[in-house]
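Below is one structure; the comments refer to it alone.
Ligands are counted one by one from 1 in listed order, and the atoms in each one are counted from 1 as well.
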Amino acid sequence: MINLDNLKILLSTPKDIVITSHRNPDGDAVGSSLALYHFLKTRNHSITVAFPSEFPPIFEWMKDSDLILIHDIHTEEVNAKIDQADLVFALDYNSLDRIDRMGDYIAKAEKPIAMIDHHLYPDDFADFVFSDTTASSTCEMIYDFIQMMDSDKDLNIDIAEYIYTGILTDTGSFKYATSPKLFRIVSALMEKGIDNDKLQGAIFNSLKIKNLKLLGHCLNNRMEFLPEFKTGLITLTKKDYENFDIQRGDTEGIVNYLLMVSDIHLAAFITEQPTIVKISLRSKGDIAVNEICSKYFKGGGHKNASGGAYYGSLSNTVRKFKEILPSVSKLQTA
Ligand code: 5GP
Ligand code: MN
């Protein structure tokens with residue numbers, strides 16, 4: 001970590017701290033934020049966790065998740081906490097524009113920022129930088145950070161469970177981005193006493209009936225394959241959002257079904273949002289979807305999992321996506 005010694009000095013006395021993570025927080029965003037929150041709590045800091053938008057209810061079992069502030073809703077309160085802060089943590093995102101207006105406010109406030117993140121190509125916006133693009137998740141890096149702080153004794157079972165949550169969700173239960181080091185960390189978390197069955201149940205067996213109906217609809221009515229480009233896509237309209245009562249988090253993971261087809265190497269999930277069309281891409285092997293997202297959809301992410309947006313109609317977005325496919329050379333050889 002760049003500037004670790006200075007960060008240690010800063011954190012050696014009680015401080016006002018704001019922990020932030022990205023829009024549409026996932027298990028890694030919520031898990032890393034609350035793991036770091038509970039770790040810093042052991043040192044008597046005064047800490048606020050703030051996200052740009054709400055997090056899925058499946059993470060409400062985490063202690064103090066009810067204290068998390070949402071910038072879209074509690075704008076003034078979050079801004080006041082930023083004004084008061086001695087330090088802002090930026091977790092699981094690599095650029096302030098990933099947190100929208102909250103990012104503008106943080107940039108203007110000119111507070112020291114500590115970034116902990118595993119996305120490619122981090123922007124230069126932080127004073128303390130811990131970037132590891134080989135890490136499975138930001139949660140894996142929170143584990144590393146606690147070790148760097150020589151504080152394994154403070155890594156209690158709650159913290160271990162939240163770290164494990166982000167590892168589980170970002171690796172798709174150990175399907176992607178694993179490493180020998182990750183399994184060593186998981187082993188250490190198990191030794192702290194985490195309950196794998198309980199956590200798998202809380203995170204993955206927590207669907208509502210409407211989620212399965214939505215999945216059925218996606219697979220039955222909204223799925224298309226372009227075998228010549230080894231590509232599959234699923235689209236959802238605004239009307240689908242109404243008909244299936246789709247809330248934040250409800251579409252998580254649907255895109256991955258496309259990659260279960262053996263000859264499909266690129267998967268797209270394209271959804272009509274109130275003001276934009278959101279695109280989520282996933283790939284197998286050498287196809288770098290972060291490049292597609294940054295070049296054509298004002299987005300980015302990881303090599304095999306990225307997202308972005310298109311400012312136009314759903315049908316134009318799909319047309320644009322299909323136009324791009326012939327230029328993705330790896331698709332021809334994959
Ligand atoms: P998802 O498709 O699940 O929304 O996101 C997949 C990955 O791409 C995540 O790691 C996320 O951080 C990244 N990502 C999603 N949307 C955007 C975006 O609009 N901009 C950037 N830079 N990254 C994104
Ligand atoms: Mn992550």
Side-chain angles (χ1 to χ4, degrees), residues 20-36 51-53 55-56 59 89-100 103 115-123 125 130-145 162-173 175-178 182 203 233-236 246 248-259 266-271 273 275-283 287-311 317 321:
T20 64
S21 194
H22 58 79
R23 178 167 282 282
N24 301 328
D26 53 11
D28 196 27
V30 185
S32 61
S33 298
L34 286 176
L36 182 64
F51 301 146
S53 64
F55 62 90
F59 302 118
F89 274 95
L91 303 187
D92 201 35
Y93 64 93
N94 58 359
S95 145
L96 281 179
D97 60 25
R98 294 281 291 125
I99 58 168
D100 307 327
M115 181 187 85
I116 302 179
D117 180 50
H118 66 134
H119 291 89
L120 297 165
Y121 316 121
D123 275 1
F125 67 95
F130 182 19
S131 163
D132 179 359
T133 59
T134 69
S136 65
S137 52
T138 299
C139 276
E140 177 179 338
M141 299 175 69
I142 296 291
Y143 179 89
D144 293 335
F145 178 69
Y162 308 155
I163 289 175
Y164 190 61
T165 297
I167 290 174
L168 273 184
T169 55
D170 259 28
T171 64
S173 298
K175 283 198 287 292
Y176 335 105
T178 59
L182 175 69
I203 299 160
L233 63 147
I234 291 173
T235 51
L236 284 178
I246 302 174
R248 67 204 144 89
D250 284 346
T251 55
E252 200 66 43
I254 293 179
V255 61
N256 295 316
Y257 282 86
L258 297 164
L259 289 185
L266 174 63
F269 186 67
I270 304 176
T271 58
Q273 305 289 322
T275 55
I276 57 158
V277 176
K278 164 102 179 92
I279 181 159
S280 284
L281 297 183
R282 301 290 185 271
S283 65
I287 299 162
V289 287
N290 58 307
E291 288 171 13
I292 301 177
C293 283
S294 64
K295 196 163 169 196
Y296 301 103
F297 298 107
K298 296 186 172 29
H302 309 278
K303 186 172 161 204
N304 297 123
S306 289
Y310 192 76
Y311 300 81
T317 313
F321 174 69

Polar side-chain atom of N94 near backbone of H118 as donor-acceptor pair, under 3.5 Å: no

State whether the side chain of D117 and the backbone N or O of S131 hold a donor-acceptor pair below 3.5 Å, judged by distance alone. no

Closest non-hydrogen atom pair, N256 against R282: OD1-CG, 3.8 Å

Shortest non-hydrogen contact between F51 and P25, atoms and distance: CD1-CG, 3.6 Å

Please tabulate, for the side chains in residues 288-301, all donor-acceptor contacts under 3.5 angstrom to protein atoms that are two or more places apart in sequence or on a different chain.
from	atom 1	to	atom 2	distance (Å)
S294	OG	N290	O	3.2
S294	OG	E291	O	3.3

Under 2.8 Å from the Mn ion (ligand 2), protein N/O/S atom count? 4

Rounded to the nearest 0.5 Å, what separation is found between the CD1 atom of I116 and the CD1 atom of I142? 4.0 Å

Could you walk me through whether D26 and D170 pass the side chain to side chain contact (heavy atoms under 4.5 Å, CB included) test, one step at a time? CA-CA 8 Å; D26 53 11; D170 259 28; 3.8 Å; yes

Evaluate whether atom OH of Y176 has more than 12 neighbouring non-hydrogen atoms of other residues, nucleotides or ligands under 6.0 angstrom away. yes

Not counting sequence neighbours, which residues clear side chain to side chain contact (heavy atoms under 4.5 Å, CB included) with S173? List them please. L168, Q200, F204

So which residues, sorted by chain and number, lie with a heavy atom under 4.0 Å of ligand 1? R98, H119, K278, S280, R282, G299, G300, G301, H302, A305, S306, G307, G308

